Structures are given as C-alpha cells and as structure tokens.
Amino acid sequence: THTGRVRSGNEDDCLLLALGDGQEPFLAAVADGMGGAAGGAEASRTALHAFAAAFADGVEPDLPLRLSRGIAAASSAVAKAAQAVPALQGMGTTLTALCVDGRRVLAVHIGDSRLYRRRRRRLERLTEDHTLAGRDNLLTRCIGGGQDECVADHAVTDAAVGDRYLLLTDGVWNVVPEAELARLCRRRTARAAAEALVAAALAHGAPDNATAVVVDVVADPEPATGAAGEVDLPRRERPSSRA
C-alpha cells in the first residue's frame, strides 16, 4: 500500500487473516475509504476490523453466511462510528474480500475495489464496479455513506492450484492498464507481484492511494507458525501523531 503522489493521507486498508493451523479458511480483503482524510481512513479500518472479527468469531460451517455477517458487522460499525463523531458523518468505504477454503474460493464485494483472477496466463476480472457509468468516483453502493445497511455481491468459484488472485483498490487499476496488470502479476512470488503493481501505480502518477493484495492458491499450504510478519512502511508513509 502507498499514499500515492497526490494525497496527504492513506485511506486504504487491507487484511490478511489465517485461522487455526493454516488449513482452515484464509481471508484477504482490501478497503478504500472515503469522507476526507480522517473519515476515509477511519471507515476502511473500522470496516475491516469488524468484518474480520465477525468472520473469525463465527462458528457456522456456512462460510457464505459468515461473510454476509461480516459485511453486516462492518456496515453497523461504520454507521455507529459516524454517528458518534460529528466529523466522521457520511464516511464510507468499499470492501472486497476473498476466502480460500479448500477447493473453492468465496468472494464478497461492495464498491469499486476489484478482484481479479489469473488462471492459465489469462487475467479475468471477477467483480463489477458499483459506480455510475462513466463516473468512476461516484459510488452507487458502499459501506457507510450515511446508510445503516448495505447490499454486497457474493460469488463462489472453484480453486485451482496455480491460481493467483489480485485485490486492488482503484488507485491501482484506475491508472495501470489491464494489459500491464496482466504482465506484472506474472512475477514469481505474490509479494513481488504486489510490490510491482503498486510501483506501477506510482509510475503512472498515483493520484490516489494505491493498495494491492496478491493471493496464490498452492497445493500444500505451510502450517501457520503462530507469528505474523509485517513490513514497516517508510516514515513518510506513516500517519502523523496528530492524525
């Protein structure tokens, strides 16, 4: 993720969640907040925290139901936060997530962040933007935005070893041509692909925050070690203490 070359703050957020021993469902998501520097960042982070907590706390084996409850929890949390703080009124966020569970992949999506799949050298977009035709910045559906509830798109597809999934905010896909996305996502590792996608957004001027999450489907996932690794952002990318 990167703030970009124009914005003063990063309103994007992303999520990676592995449960149990690594053989249980794996969840990844991106969110792109709106509502000003404070409101947008608060909306995306609040939504993803609530979404992840509801999904992780769910005991139902029905994963589509758990994803639906996660979206509902995210919507409720953002609405409550906006009502509690006058400066945050009207804040909202996109949310696009995928859940890899054995031989299937489940997706949930609202807004204009995107989910792509690369399979057999072909890149395919799996989500539809919830925007007015020809006006990419005007969302027709989002989490928050003065609404207590939202309607998300859901999809289930098969998971094949070798598949690569890209979750991108519009700060990436809106400036990087799709042919270039397809070329860059061929990088050897998921991390290298994600870094290349964000670097490409910067090379194209990065007028918006740019975030890319890349997920590979592999034959034998390594068991979780219980510890997560995180790469520190450069100091210029960290929010100030005032923010």
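In what follows, every heavy atom counts, from backbone to side chain, and hydrogens, waters and symmetry copies are set aside. Everything numeric in this text was worked out from a predicted model, so none of it was measured.
Cluster membership for L106 and L95, using ILVMFWY side-chain heavy atoms within less than 4.5 angstrom, is shared. One hydrophobic cluster holds both V215 and V30 under the rule that ILVMFWY side chains link at heavy-atom gaps under 4.5 Å. Clustering ILVMFWY residues whenever any of their side-chain heavy atoms sit less than 4.5 angstrom apart, transitively, puts V108 in the very cluster that holds L27. Linking Ile, Leu, Val, Met, Phe, Trp and Tyr whenever their side-chain heavy atoms come within less than 4.5 Å leaves Y116 and V198 in two separate clusters. If you chain together hydrophobic residues whose side chains sit under 4.5 Å apart, L126 and L98 fall into the same group.
The main-chain N or O of F55 is found under 3.5 Å from a side-chain atom of R66 such that the two form a donor-acceptor pair. Checking side-chain atoms of T127 against main-chain N and O of L115 turns up a donor-acceptor pair under 3.5 Å. Proximity of a side-chain donor or acceptor of S68 to a complementary backbone N or O of P64 within less than 3.5 Å is detected. Not a single donor-acceptor pair under 3.5 Å links the side chain of R187 to the backbone N or O of T189.
The two residues C142 and C150 make their nearest non-hydrogen contact at O-CB, 3.4 Å. Heavy-atom minimum distance, R188 versus R164: O-NH2, 3.4 Å. Scanning both residues, F51 and G70, for their nearest heavy atoms gives CD1-C, 3.3 Å. Between A29 and L48, the closest heavy-atom pair is CB-CD2, 3.9 Å. A56 and L17 make their closest contact through CB-CD2, 4.2 Å (heavy atoms, listed as atom of the first residue, atom of the second, distance). Nearest approach of M34 to G145, heavy atoms of both residues: CE-CA, 4.4 Å.
Looking at heavy atoms from C-beta onward, Y165 lies out of side-chain contact with V100 at the 4.5 angstrom threshold. Contact check for V172 versus L181: side-chain heavy atoms found under the 4.5 Å cut-off. Counting only heavy atoms from C-beta outward, the side chains of E42 and V85 never approach each other to under 4.5 Å. Under the 4.5 Å side-chain criterion, counting only non-hydrogen atoms from C-beta, R121 is not in contact with R186. R117 places none of its side-chain heavy atoms less than 4.5 Å from the side chain of V105.
Under the side-chain hydrogen bond (donor to acceptor under 3.5 Å, both in side chains) criterion, T140 pairs with no residue, sequence neighbours left out.
From D62, atom CG reaches atom CG of L67 across 9.0 Å, with rounding to the nearest 0.5 Å. The distance from atom CZ of R118 to atom CG of L184, rounded to the nearest 0.5 Å, is 11.0 Å. We find the OG-CD1 distance between S75 and I110 to be 7.5 Å, quoted to the nearest 0.5 Å. The distance from the NE2 atom of H154 to the CG atom of L65 is 10.0 Å, given to the nearest 0.5 Å. Rounded to the nearest 0.5 angstrom, L197 CG and C185 SG are separated by 7.0 Å. With rounding to the nearest 0.5 angstrom, the CG atom of L168 is 11.5 Å from the CG atom of D32.
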Taking only distance into account, with no hydrogens and no angle test, what donor-acceptor pairs under 3.5 Å do side-chain atoms of residues 202-214 form with protein atoms, sequence neighbours excluded?
residue: H204; atom: NE2; partner: E180; partner atom: OE1; Å: 2.9
residue: D208; atom: OD1; partner: R7; partner atom: NH1; Å: 3.3
residue: N209; atom: OD1; partner: E11; partner atom: N; Å: 2.7
residue: N209; atom: ND2; partner: T3; partner atom: O; Å: 2.8
residue: N209; atom: ND2; partner: G9; partner atom: O; Å: 2.9
residue: T211; atom: OG1; partner: T1; partner atom: OG1; Å: 2.7
residue: T211; atom: OG1; partner: D12; partner atom: OD2; Å: 2.8

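More than 12 heavy atoms of other residues, nucleotides or ligands lie within 6.0 Å of CD in E124, so this atom counts as buried by the packing criterion.
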### Task
Could you please spell out the steps behind the side-chain contact (heavy atoms from CB on, under 4.5 Å) verdict for R114 and D129?
CA-CA 7 Å; R114 290 183 177 179; D129 299 336; 2.6 Å; yes
### Task
Might you work through the side-chain contact (heavy atoms from CB on, under 4.5 Å) test for L123 and L166, ending with a clear yes or no?
CA-CA 10 Å; L123 187 66; L166 317 178; 4.0 Å; yes
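The one candidate from T131, T94, D153, D112 that meets the side chain to side chain donor-acceptor pair (under 3.5 Å) condition with R141 is D153.
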